[in-house]
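If you're wondering where the values come from, they're calculated on a predicted model, not measured in any experiment.
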Amino acid sequence: MTGIAEALRGTLAPPAPDPPLPPGVQAGVLVPVVDLPSPAVVLTRRSDTVRDHKGEISFPGGVRHAEDPDLLATALRETEEELGIAPSEVEVIGALPPTETVVTGYVIVPYVGMLAVRPEMRPSAAEIAEVLEIEVALLTKTERAAGGPDPMGRFATWFQYELDGHVVWGATGRIVHSFLKALRAGGWTEEG
């Protein structure tokens, strides 16, 4: 494995149990990292037929089901449903801090999972319009902080990434920023 896994091991919270969460709809997502010489994260563009966040860029994941023992199980189940990546293919390194969606009321716990090889993905046509594999080094180069009033009129800072004609923003942008912050804290650089 490249240095990315080692950089994350010391900086991420353990993947279980679920952290205390504020009120909201609980969701779990996976930040899949393909551990190649130039590591990349897997993102998806949601289809126009899903209930919320149509056409937006996101990580695989979704709402916790009653049968999910924890949000990690949710993230892994949803990743398999959306992309065909089996939980056995993922080495979960840890969890990033929870993040909330501003409008739809989701409270998302992101888990970082390493993929030793590029998996064969079988995207669900009902949920996924496109799969994006973005090199981590490109994310660090395109990160932009922006600010302005949130829906409650308070000043907020957010992060966005313009990648191959796609804009990553909102909760996904905050998760990407949190991921990059954990990498930097662990000593990872673009050179590996």
Side-chain angles (χ1 to χ4, degrees), residues 5 8 12-35 39-134 136 139 161 163 166 168-179 182:
L8 290 167
L12 297 181
D18 288 346
L21 297 173
V25 179
Q26 293 185 1
V29 301
L30 187 69
V31 179
V33 180
V34 185
D35 197 16
V41 296
V42 176
L43 292 154
T44 64
R45 184 168 59 83
R46 295 171 58 81
S47 74
D48 290 330
T49 59
V50 293
R51 190 179 78 197
D52 292 322
H53 305 283
K54 295 175 185 336
E56 292 182 11
I57 305 299
S58 67
F59 288 106
V63 175
R64 182 182 200 155
H65 289 185
E67 68 271 14
D68 294 338
D70 54 36
L71 289 169
L72 174 57
T74 301
L76 293 171
R77 174 184 53 75
E78 288 280 347
T79 298
E80 185 168 27
E81 289 175 9
E82 292 178 10
L83 295 176
I85 300 172
S88 62
E89 296 180 71
V90 180
E91 178 194 354
V92 178
I93 300 290
L96 294 164
T99 190
E100 299 175 63
T101 60
V102 175
V103 176
T104 52
Y106 290 97
V107 180
I108 304 164
V109 177
Y111 297 92
V112 177
M114 302 302 295
L115 299 164
V117 296
R118 182 178 284 116
E120 180 183 333
M121 290 185 249
R122 297 171 305 284
S124 163
E127 297 185 70
I128 306 301
E130 184 178 1
V131 177
L132 309 169
E133 188 177 302
I134 308 294
V136 174
L139 289 170
Y161 308 80
L163 308 159
H166 300 286
V168 178
W169 60 284
T172 303
R174 290 191 299 279
I175 292 168
V176 170
H177 175 72
S178 180
F179 170 75

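- Residue Arg118 places its CZ atom among 12 or fewer non-hydrogen atoms of other residues, nucleotides or ligands, all under 6.0 Å distant.
- Within the 4.5 Å cutoff, the side chain of Val176 has heavy atoms near those of the Val168 side chain.
- Residues Gln26 and Leu21 have side chains in contact (heavy-atom distance under 4.5 Å, counting atoms from C-beta outward).
- Taking all atoms of both residues into account, the shortest heavy-atom contact from Val109 to Ala95 is CG1-CB, 4.5 Å.
- Put simply, the side chain of Ile57 does not reach to within 4.5 Å of the side chain of Tyr161, judged on heavy atoms.
- Judged by distance alone, the side chain of Asp68 and the main-chain N or O of Leu71 form no donor-acceptor pair under 3.5 Å.
- The pair Arg64-Asp18 meets the salt-bridge criterion, with a side-chain N (NZ, NE, NH1 or NH2) lying under 4.0 Å from an Asp/Glu carboxylate O.
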Verdict with supporting geometry, Leu115 and Asp35, side-chain contact (heavy atoms from CB on, under 4.5 Å): CA-CA 6 Å; Leu115 299 164; Asp35 197 16; over 6 Å; no
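- Taking both residues in full, the closest heavy atoms of Ala40 and Glu133 are given as CB-CG, 3.6 Å, listed atom of the first, atom of the second, then distance.
- Annotation: side chain of Phe179 is in contact with side chain of Val33 (closest heavy-atom distance under 4.5 Å).
- The distance from the CD atom of Glu130 to the OG1 atom of Thr44 is 9.5 Å, given to the nearest 0.5 Å.
- Remark: side-chain polar atoms of Ser124 are not paired, donor with acceptor, to backbone N or O of Ile128 under 3.5 angstrom.
- In this structure, CG on Leu76 lies 11.5 Å from CD on Glu81, to the nearest 0.5 angstrom.
- Residues Leu96 and Val112 meet the side-chain proximity criterion, which asks for heavy atoms closer than 4.5 Å.
- Proximity of His166 to Arg45: side-chain heavy atoms (C-beta onward) are separated by under 4.5 Å at one or more points.
- Between the OH atom in Tyr111 and the CZ atom in Phe59 there is a gap of 15.0 Å [rounded to 0.5 Å].
- Atoms CG and CD, on Leu30 and Glu80 in that order, are 12.0 Å from each other to the nearest 0.5 Å.
- When all heavy atoms are compared, the tightest approach of Ala171 to Thr101 is CB-CG2, 4.0 Å.
- Put simply, the side chain of Thr74 never gets that close to the backbone of Ala27: no donor and acceptor are under 3.5 Å apart.
- Rounding to the nearest 0.5 Å gives a distance of 5.5 Å between CG of Leu139 and CG of Leu163.
- Nearest heavy atoms, Met114 versus Ala5: CE-CB, 4.1 Å.
- The heavy-atom pair separating Leu8 from Ala182 by the smallest distance is CD2-CB, 4.1 Å.
- Residues Glu100 and Arg174 are not paired through a salt bridge, judged by the lack of any N-O separation under 4.0 Å between the basic side chain and the carboxylate.
- Looking at Val29 and Ile175, their side chains come closer than 4.5 Å, going by heavy atoms from C-beta outward.
- Within a 6.0 Å sphere centred on CD of Glu67, heavy atoms belonging to other residues, nucleotides or ligands number more than 12.
- With values rounded to the nearest 0.5 angstrom, Glu89 atom CD is found 9.5 Å from Met121 atom CE.
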Set out, in order, the CA-CA distance, both residues' side-chain angles and the distance that settles side-chain contact (heavy atoms from CB on, under 4.5 Å) for Val25 and Val107, then state yes or no. CA-CA 6 Å; Val25 179; Val107 180; over 6 Å; no
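- Here the closest heavy-atom approach between residue Pro110 and residue Pro98 is recorded as CD-CA, 4.2 Å.
- Between Val90 and Pro32, the closest side-chain pair of non-hydrogen atoms is not below 4.5 Å.
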